[in-house]
Amino acid sequence: MSMVLKGCLNIWRDCLLFVIIRMNNWYKLICNNCELQLSGTLNGGQSFRWSKHLEDNQECWIGVFKKRVWILKQNETEILYKVFETKCGFEKKEIEERNELYNNILKDYFQLNLSLREYYQQWSEADPIFKKAAQQFYGIRILNQDVTENIFSFICSSNNNISRISSMVNKLAKFYGDKICEINGETYYSFPDVENLTQPGVEAKLRENGFGYRAKYITKSAEMIKEKGGEMWLEKLKGMDYEEAKESLMTLTGIGAKVADCICLMSLGHLGALPVDTHVYQIAAKFYMPHIRNKKTVTKKMYDEIGDHFRKLYGPLAGWAHTVLFCADLKKFQGEL
DNA sequence: CGCCTACCTACCCG
DNA sequence: ACGGGTAGGTAGG
């Protein structure tokens, strides 16, 4: 009986500890802001799960990944953050230990082991247009995102705009993910597993909710992944080289060259993958490859030609470099420049 | 291969 | 007011 009581007290203490930590303290991760610019990185069309959020009158970003809700802000030298998990009586770990665990997750997500300074310098020397974009868009990082979330998010992206893509991805989480927590009246959900998207009735529900023809792509691709081995297939995908991974992804319905490259670049670590969409085509035609101007559609040959041009210009991390250009173009387009 | 068209929906712009 | 154009494309002919 006293054992049970003691257990309860421990859980209660952990809960209290958790509440105190999460309400009053920000975890810290040392990171110079020239190595990571949160706004451009989180709001640049890579992930559709982040939104701006004011806390103590400071700009923060709130988003979900790894089944946790994260609130991030930064100053010159640090990332300051809070984390919210489903369970409050989690493993008994001291604050420092938890800070280290979370820091490692963030380092992995933002790929902080890769130092941007030397690459930005290299890309600036190779290309004056990059150099100009880099002045404002320093610290733009490729996020290392979850493959499943990436696959279904970018299936939603076809012939679509960012605000509607975001609303679709959030609906997928709300309908088929797990509830994590509630913050300021807003409920946050993890992104669903493939298995959850293969339940009967998903396509109809998504259609009712404005997904359009993408509803079928989502359910069909989920079923195809399940048939190929589900989680096993996804793990195998992670072990493939760029060409093989891209080819495998393109066997799924709703995934063509562009979407496959997004997934390769942003969740499989193939940093030379270079998604060519209308923006990139416009940039390429305007500044780099005048001979492709006035083409109606991007043919496969042209797609590869544009990618190869940038890979030759920027080298093996061309996908990363191009994201900086893309980000600059996107902001200009959104009137934020 | 290259080119064409249909596909859902919401929002912008004239 | 209302209709065409378009938004980080893809599949099927």
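None of these values were measured; they are calculated from a predicted model. Protein chains get the first letters and strands the later ones, always in sequence-line order, with residue 1 at the start of each. Keep in mind that the numbers below use all heavy atoms, side chains included, and drop hydrogens, waters and symmetry copies.
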I need the NZ-P distance between A:Lys300 and C:dG9, as an integer number of Å. 18 Å
Atom of A:Arg311, atom of A:Asp304 and distance for their closest heavy-atom approach: NH2-O, 4.2 Å
Please list every donor-acceptor pair under 3.5 Å in which a side-chain atom of residues 199-212 of chain A meets a protein atom from a residue at least two apart or in another chain.
residue	atom	partner	partner atom	Å
A:Gln199	NE2	A:Asn196	O	2.6
A:Asn209	ND2	A:Lys205	O	2.8

If you count heavy atoms of other groups shown closer than 6.0 angstrom to NZ of A:Lys220, is the number above 12? no
Starting at the 5' end of DNA chain C and moving along, which residue's nearest nucleotide shows up first, A:Gly44 or A:Met250? A:Gly44
Atom CG of A:Leu274 to atom P of C:dG8: distance rounded to whole Å? 17 Å
Minimum-distance pair of heavy atoms, taken over all atoms of A:Ile180 and A:Ser190: CD1-N, 3.6 Å
Show, in sequence, the C-alpha distance, side-chain angles and deciding distance for A:Glu55 and A:Lys73, and conclude whether the salt bridge (Lys or Arg N to Asp or Glu O under 4.0 Å) test is met. CA-CA 9 Å; A:Glu55 197 160 318; A:Lys73 64 180 180 180; over 6 Å; no
More than 12 non-hydrogen atoms from neighbouring residues, nucleotides or ligands closer than 6.0 Å to CD on A:Glu59, yes or no? yes
For DNA chain C, the residues among residues 251-268 of chain A that have a non-hydrogen atom under 4.0 Å from it: A:Leu252, A:Thr253, A:Gly254, A:Ile255, A:Gly256, A:Ala257, A:Lys258, A:Val259, A:Cys262
Taking the same atom, C1', in C:dT6 and in B:dC8, what whole-Å distance lies between them? 13 Å
DNA chain B contacts among residues 208-221 of chain A, heavy-atom distance under 4.0 Å: A:Gly210, A:Gly212, A:Tyr213, A:Arg214
Of the listed B:dG2, B:dC8, C:dG8, the closest approach to the A:Pro275 side chain comes from C:dG8
Test ring-ring contact (aromatic ring centres under 6.0 Å, His included) applied to A:Phe175 - qualifying residues, sequence neighbours left out: none
Same cluster for A:Tyr303 and A:Val259 if Ile/Leu/Val/Met/Phe/Trp/Tyr side chains link at under 4.5 Å? yes
Ring geometry between A:Phe152 and A:Phe191 (parallel below 30°, tilted from 30 to 60°, perpendicular above 60°): parallel
Rounded off to whole Å, could you give me the NZ-to-P distance for the A:Lys295 and B:dC3 pair? 7 Å
CG (A:Asp241) with more than 12 external heavy atoms under 6.0 Å: yes
For A:Glu305, enumerate each residue passing the side chain to side chain donor-acceptor pair (under 3.5 Å) test, keeping only those at least two apart in sequence or located in another chain. A:His291
Given side chain to side chain donor-acceptor pair (under 3.5 Å), test A:Tyr81 with A:Asn99 step by step and report yes or no. CA-CA 10 Å; A:Tyr81 64 95; A:Asn99 198 161; 3.2 Å; yes
With a 4.0 Å heavy-atom cut-off, tell me which residues in residues 138-158 of chain A come close to DNA chain C, sorted by residue number. A:Ser157, A:Ser158
Output one line per pair: protein atom, nucleotide atom from nucleotides 11-14 of chain B, and distance, for all N/O pairs under 3.5 Å.
none

Please list, pair by pair, any protein nitrogen or oxygen found under 3.5 Å from a nitrogen or oxygen in nucleotides 2-5 of chain C.
none

Can you check side chain to side chain donor-acceptor pair (under 3.5 Å) on A:Ser115 and A:Glu35, steps first, answer last? CA-CA 7 Å; A:Ser115 168; A:Glu35 282 291 329; 3.2 Å; yes
Output the single nucleotide from C:dG8, B:dC8, B:dC4 whose closest atom is nearest the side chain of A:Arg207. B:dC8
Say whether A:Lys228 and A:Ser248, considering side chains only, have a donor N or O and an acceptor N or O under 3.5 Å apart. no
Looking at A:Tyr109, I want to see if its OH is surrounded by more than 12 non-hydrogen atoms of other residues, nucleotides or ligands under 6.0 Å. yes
Atom-pair distance (CD1 on A:Ile165; P on C:dA7), nearest Å: 12 Å
Using a heavy-atom distance cut-off of less than 4.0 Å, which residues of residues 302-311 of chain A contact DNA chain C? none
Distance in angstrom units between A:Asn159 CG and B:dC8 P, rounded: 12 Å
Categorize A:Gln46 for me: base, sugar-phosphate, or nothing, with a 4.0 angstrom heavy-atom threshold over every strand shown. base
In whole Å, what separates the P atom of B:dC7 from that of C:dG8? 22 Å
Residue of the set A:Phe84, A:Tyr102, A:Tyr188, A:Trp26 for which ring pair (Phe, Tyr, Trp, His ring centres under 6.0 Å) holds with A:Trp70: A:Tyr102
Taking atom C1' in both C:dG12 and B:dC1, compute the distance separating them and give it to the nearest angstrom. 15 Å
Begin from the C-alpha positions of A:Asn103 and A:Tyr27 and carry the test side chain to side chain donor-acceptor pair (under 3.5 Å) through to its verdict. CA-CA 8 Å; A:Asn103 277 0; A:Tyr27 290 117; over 6 Å; no
Spacing of the P atoms in B:dT9 and C:dA1 (rounded, Å): 24 Å
Pairing residues for A:Asp277 by the side chain to side chain contact (heavy atoms under 4.5 Å, CB included) criterion, not counting sequence neighbours: A:Lys258, A:His279, A:Val280, A:Phe326
Intermediate values then yes/no, side chain to side chain donor-acceptor pair (under 3.5 Å), A:Glu78 and A:Asn75: CA-CA 5 Å; A:Glu78 300 161 320; A:Asn75 59 34; 2.9 Å; yes
What stems, by residue range, does DNA chain B take part in, given at least 3 consecutive Watson-Crick or G-U pairs under 3.5 Å? B:3-7 with C:9-13, B:9-14 with C:2-7
Side chain to side chain contact (heavy atoms under 4.5 Å, CB included) filter on A:Gln74, not counting sequence neighbours, yields A:Asn33, A:Leu38, A:Ile79
To the nearest Å, give me how far apart CG (A:Asn160) and P (B:dA10) are. 10 Å
Inspect the surroundings of CD in A:Gln282 and state if more than 12 heavy atoms from other residues, nucleotides or ligands are less than 6.0 Å away. yes
Minimal heavy-atom distance between A:His270 and A:Ala245, with the atoms involved, is NE2-CB, 4.1 Å
